[in-house]
Student: 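Encoded as structure tokens, here's the structure I'll be asking about.
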Amino acid sequence: MAEDKTNARMRERPVAERIRDFEEVPLGYTAQQAVAEAKRCLQCKDPKCVKGCPVEIDIPAFIKLIAQGLPAEAASKIKETNSLPAVCGRVCPQEEQCELTCILNAKKAPIAIGSLERFAAEAESKENTEPRRSAAGSASIAVIGSGPAGLTCAGDLAKLGYQVTVFESLHVIGGVLQYGIPEFRLPKKIVDLEVQYVKSLGVKIVSDHLVDEIDGLLKEYQAVFVGSGAGLPNFLGVPGENLPGVYSANEFLFRVNMMKAYKFPEYLTPVKIGKKVAVIGAGNVAMDAARVSLRLGAEEVLIVYRRSRGEMPARREEIVRCEEEGVKFHLLTAPIALYPDQSGWVKEMECEKMELGEPDQSGRRRPITVPGSEFKLPIDTVIVAIGNSPNPLIIRRNPGVRANDRGGIIVDDRQATSLPGVFAGGDIVRGSATVISAMGDGKRAARRIDEYLRAAGQRL
Amino acid sequence: MSEILSRKSLSPNVFQITVAAPAIAAGARAGQFVVIIPATQAERIPLTIADSDQAKGTITIIFQLAGATTRLLTSLQVGEKIPHILGPLGVPSEIEKFGRVVVVGGGVGIAEIYPVVKALTAAGNEVVTIVGARNKELLIFQSELSVVSCQLLVATDDGSSGRKGFVTELLAEAIKERPVQRVIAVGPVPMMKACCDLTREAGIKTIVSLNTLMLDATGMCGVCRVKVGGENRFACVEGPDFDGHLVDFADLTSRLGTYKDLEKKADDHVCRLLRGKNG
Ligand code: FES
């Protein structure tokens with residue numbers, strides 16, 4: 001049967017329409033599609049998909065509820081272990097996780113678990129939940145950072161009855177979900193709803209608050225989770241990198257997503273996009289930057305990457321969407337210098353061609369320069385998307401928390417740092433983590449914090 | 001959210017506000033700054049903490065009307081609230097007993113040096129404060145500075161107060177008069193650069209406070225990068241103070257110019273908004 005070979009695809013907005021605005025691209029399942037897809041699930045006794053899920057969702061159970069026509073109940077089932085289903089349904093790389101381990105892969109397409117999760121979350125987002133109250137006298141926990149790691153940890157701890165306060169330095173709650181991932185991939189009203197849900201669990205969230213000294217926090221709180229996220233972006237280290245017109249992806253996306261520069265001057269933070277944009281790097285952030293550039297009106301957008309297609313770290317589906325929208329790929333190409341025009345703005349990028357040599361530590365083949373292959377590309381905007389280090393603030397101001405030489409907080413396999421009572425996860429540990437791996441860290445930390453507090457006799 | 005407790009204009013384009021911000025006041029040290037968002041649609045702008053009162057839980061900020069977002073900030077009245085304020089940010093200025101120190105301020109930098117002069121004097125230094133402005137009207141914070149300085153010297157472009165000329169002339173004289181162990185310069189980029197050129201020859205360590213572009217101001221976006229000693233440094237988390245002899249001022253100036261041509265458009269928009277609100 002034909003429909004057995006593929007899973008149901010979500011409807012998507014046509015390219016010509018979607019590249020003119022910041023609205024979401026995939027439209028989500030219809031109820032009919034969702035039920036049909038859910039019915040393909042074999043309801044395995046020993047479900048392999050769950051083993052692929054960093055936040056341990058009872059996948060067969062929620063899919064069964066969708067098949068029975070009970071999407072709101074399905075959402076509640078997901079929320080038993082995952083506080084952010086509408087986010088995960090959109091940005092998790094399911095193809096490397098639950099969908100990869102789905103037993104159906106042997107013969108047919110796996111269940112579209114991500115699309116189903118998104119569908120369930122949507123069905124429930126209309127309902128209102130009464131705020132829960134944490135048990136009086138329970139221990140208090142401080143969470144630093146309101147990104148995916150922090151929100152997950154806070155939500156899980158609140159569900160266990162703890163009093164949790166989240167401190168966020170920015171003016172908006174959600175961390176990378178707000179400043180990093182563009183509106184068309186993760187609408188901000190979805191993020192706001194998920195934050196609302198975490199608050200409804202009894203979590204207190206304080207914005208515009210920078211925590212610097214953890215020692216001070218430990219006087220008031222019995223445990224601290226550090227999820228302070230990404231830090232300074234990596235740059236190429238080539239001449240001309242500080243010219244006007246050269247952005248880090250963090251800066252570019254922060255301007256557009258967080259500060260809504262695409263609505264300038266109604267929103268006052270500016271962003272400048274040229275006619276020809278080069279995005280350096282080939283991860284999800286690079287794809288986001290490229291697609292944002294198109295929507296801001298760039299005529300031509302290039303992804304410049306020093307390895308080949310097979311090594312591109314972005315999700316397949318993001319690469320496909322980029323290509324559909326007209327982004328061009330310059331592979332095996334590395335920038336070596338940037339040059340300004342008369343006014344000082346960047347106007348040209350000198351590159352050299354690369355070829356792949358022996359595998360390096362990451363297991364990917366190392367790019368090596370092809371001698372004499374230099375050439376110049378006319379461009380007027382450069383966006384550098386080659387990763388970032390963990391945020392420097394906490395580590396600088398808290399020598400008691402041990403860090404590695406890349407500035408990441410060192411944790412054991414269950415997220416405990418070198419300082420008793422202090423746990424950490426997400427980008428502050430990993431450098432550049434995915435949303436879901438940060439959430440997995442937050443979840444592991446919550447469980448560990450619970451054990452730690454019980455052992456210390458702090459649990460009511 | 002922080003309430004504005006008092007507000008006045010110090011010169012035609014420079015304003016002083018005092019806001020209730022106990023948590024910030026408790027930790028603020030000389031040389032640190034806050035990020036303010038004066039309205040939902042506004043930018044995040046960094047402003048130096050000119051003074052703080054831990055007992056009262058207040059901080060004082062001096063700023064120049066220099067575009068759309070500062071215009072929105074000037075439109076807030078006493079009793080109104082600043083929606084978002086974050087701080088204290090940045091590495092505090094290095095305060096030690098150096099000996100004889102010259103602190104140079106220009107423009108709003110005149111107010112920004114106040115906490116530094118105060119702290120240096122308290123640390124037992126002999127502080128010579130030199131301030132410069134286009135004319136007498138723009139000289140702010142004079143009485144405050146004279147209280148905490150050993151000597152307060154003034155230069156104006158038009159000679160309407162103090163020496164007719166530039167702060168660098170006064171700086172050169174102060175150095176000639178008696179040895180100076182350290183110079184601190186805060187103000188417009190050309191002024192800081194001129195001071196550094198002068199002290200480089202004299203071999204006096206000189207610290208400048210850099211007003212780079214900023215967004216998050218927490219070490220995440222990289223927009224505040226500036227070449228210092230040939231390397232990229234990030235002003236929001238590694239500064240704003242840097243060794244002036246290592247700063248690439250051309251790099252700083254060119255980056256500061258990135259959005260110059262859009263400033264007017266933003267400001268026009270805000271003017272229209274405010275006109276609507278007031279009439
Ligand atoms: S302002 Fe963003 S890193 Fe400094």
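Chain naming here is simple, since letters A, B, ... match the order of the sequence lines and numbering starts at 1 in each.
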Student: State, with a plain yes or no, whether a side-chain heavy atom of B:Lys265 is found less than 4.5 Å away from one of A:Phe264.
Tutor: yes
Student: About how many Å separate CD of A:Glu241 and CZ of B:Arg225, when rounded to the nearest 0.5 Å?
Tutor: 6.5 Å
Student: Please name the pair of heavy atoms, one in B:Thr218 and one in A:Ser169, separated by the smallest distance, quoted to 0.1 Å.
Tutor: CG2-OG, 3.9 Å
Student: Need one label for B:His269: side chain, backbone, both or neither, based on atoms under 4.5 Å from any heavy atom in chain A.
Tutor: side chain
Student: When you measure from the side chain of A:Ser248 to the backbone of B:Gly222, do you find a donor-acceptor pair of N or O atoms at a distance under 3.5 Å?
Tutor: no
Student: Find the one option among A:Leu232, A:Leu210, A:Asn388 whose heavy-atom pairs under 4.5 Å with chain B are most numerous.
Tutor: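 Between A:Leu232, A:Leu210, A:Asn388, the count favours A:Leu232.
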Student: Looking at A:Glu266, I'd like to know if its CD atom is crowded, meaning that more than 12 non-hydrogen atoms belonging to other residues, nucleotides or ligands lie closer than 6.0 Å.
Tutor: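 Counting other residues, nucleotides and ligands, CD of A:Glu266 exceeds 12 neighbours.
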Student: Can you measure from NE2 (A:His171) to CD1 (B:Ile36) and round to the nearest 0.5 angstrom?
Tutor: 13.5 Å
Student: Counting only non-hydrogen atoms closer than 4.5 Å, does B:Glu238 touch chain A with its backbone (N, CA, C, O), its side chain (CB onward), both, or neither?
Tutor: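 Contact with chain A is through both the backbone and side chain of B:Glu238.
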Student: Any non-hydrogen side-chain atom of B:Arg44 less than 4.5 Å from a side-chain atom of A:Phe254?
Tutor: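 The answer is yes, as the side chains (C-beta and beyond) meet within the 4.5 Å cut-off.
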Student: If only atom types and distance count, is the side chain of A:Arg396 paired as donor or acceptor with the main-chain N or O of B:Val237 below 3.5 Å?
Tutor: yes
Student: Shorter than 4.5 Å, heavy atoms on both sides: which option in B:Met220, B:Glu43, B:Met1 has the most such pairs with chain A?
Tutor: B:Met220
Student: Please look at B:Ile37 and chain A and tell me whether the side chain, the backbone, both or neither of the residue comes under 4.5 angstrom of a heavy atom of that chain.
Tutor: side chain
Student: Around B:Lys227, counting heavy atoms of other residues, nucleotides and ligands shown, do more than 12 lie under 6.0 Å from its NZ?
Tutor: yes
Student: When rounded to the nearest 0.5 angstrom, what is the spacing between CE in B:Met214 and CD in A:Glu251?
Tutor: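 Output value for this atom pair is 12.5 Å.
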Student: What part of B:Val270 gets within 4.5 angstrom of chain A, counting heavy atoms only: side chain, backbone, both, or neither?
Tutor: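 Contact with chain A is through the side chain of B:Val270 alone.
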Student: Atom CG in A:Leu268, atom CG in B:Leu273: separation rounded to 0.5 Å?
Tutor: 8.0 Å
Student: Counting only heavy atoms not in B:Arg200, do more than 12 fall under 6.0 Å of its CZ?
Tutor: yes
Student: Scan side-chain atoms only and decide if A:Asn242 and B:Arg255 contain a donor-acceptor pair under the 3.5 Å cut-off.
Tutor: no
Student: Give a yes or no on this: more than 12 heavy atoms of other residues, nucleotides or ligands lie within 6.0 Å of atom NZ of A:Lys263.
Tutor: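 It does: A:Lys263 NZ has more than 12 such atoms within range.
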Student: Give a yes or no on this: more than 12 heavy atoms of other residues, nucleotides or ligands lie within 6.0 Å of atom NZ of B:Lys193.
Tutor: no
Student: Rounded at 0.5 Å granularity, tell me how far SG in B:Cys221 sits from OH in A:Tyr247.
Tutor: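 Those atoms lie 11.5 Å apart.
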Student: Between A:Leu243, A:Val384, A:Val246, who has the most heavy-atom pairs with chain B when the cutoff is under 4.5 Å?
Tutor: A:Val246
Student: I'd like to verify something: which residue of B:Asp267, B:Asp261, B:Leu256 has the highest number of heavy-atom pairs under 4.5 Å with chain A?
Tutor: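 With the most close heavy-atom pairs to chain A, the winner is B:Asp261.
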Student: Under a 4.5 Å cutoff for heavy-atom pairs, which residue among B:Leu72, B:Asp248, B:Asp268, B:Val223 has the most contacts with chain A?
Tutor: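 The option with the most such pairs is B:Val223.
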Student: State whether the side chain of A:Lys272 and the backbone N or O of B:Thr258 hold a donor-acceptor pair below 3.5 Å, judged by distance alone.
Tutor: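 Checking the backbone N and O of B:Thr258 against the side chain of A:Lys272, a donor-acceptor pair under 3.5 Å is found.
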Student: At a heavy-atom separation under 4.5 Å, does A:Leu170 approach chain B through its side chain, its backbone, both, or neither?
Tutor: both
Student: Answer whether the closest heavy-atom distance between the side chains of A:Thr269 and B:Leu215 falls below 4.5 Å.
Tutor: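 Yes, their side chains come closer than 4.5 Å.
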Student: With a 4.5 Å cut-off on heavy-atom pairs, point out which of B:Asp216, B:Ile24, B:Val35, B:Val226 contacts chain A the most.
Tutor: B:Asp216
Student: How far does OG1 of B:Thr40 sit from NZ of A:Lys260, to the nearest 0.5 angstrom?
Tutor: 11.0 Å
Student: Side chain from CB out, backbone as N, CA, C, O: work out which of these in A:Phe252 comes under 4.5 Å of a heavy atom of chain B, or both, or neither.
Tutor: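 It is neither, since no heavy atom gets under 4.5 Å.
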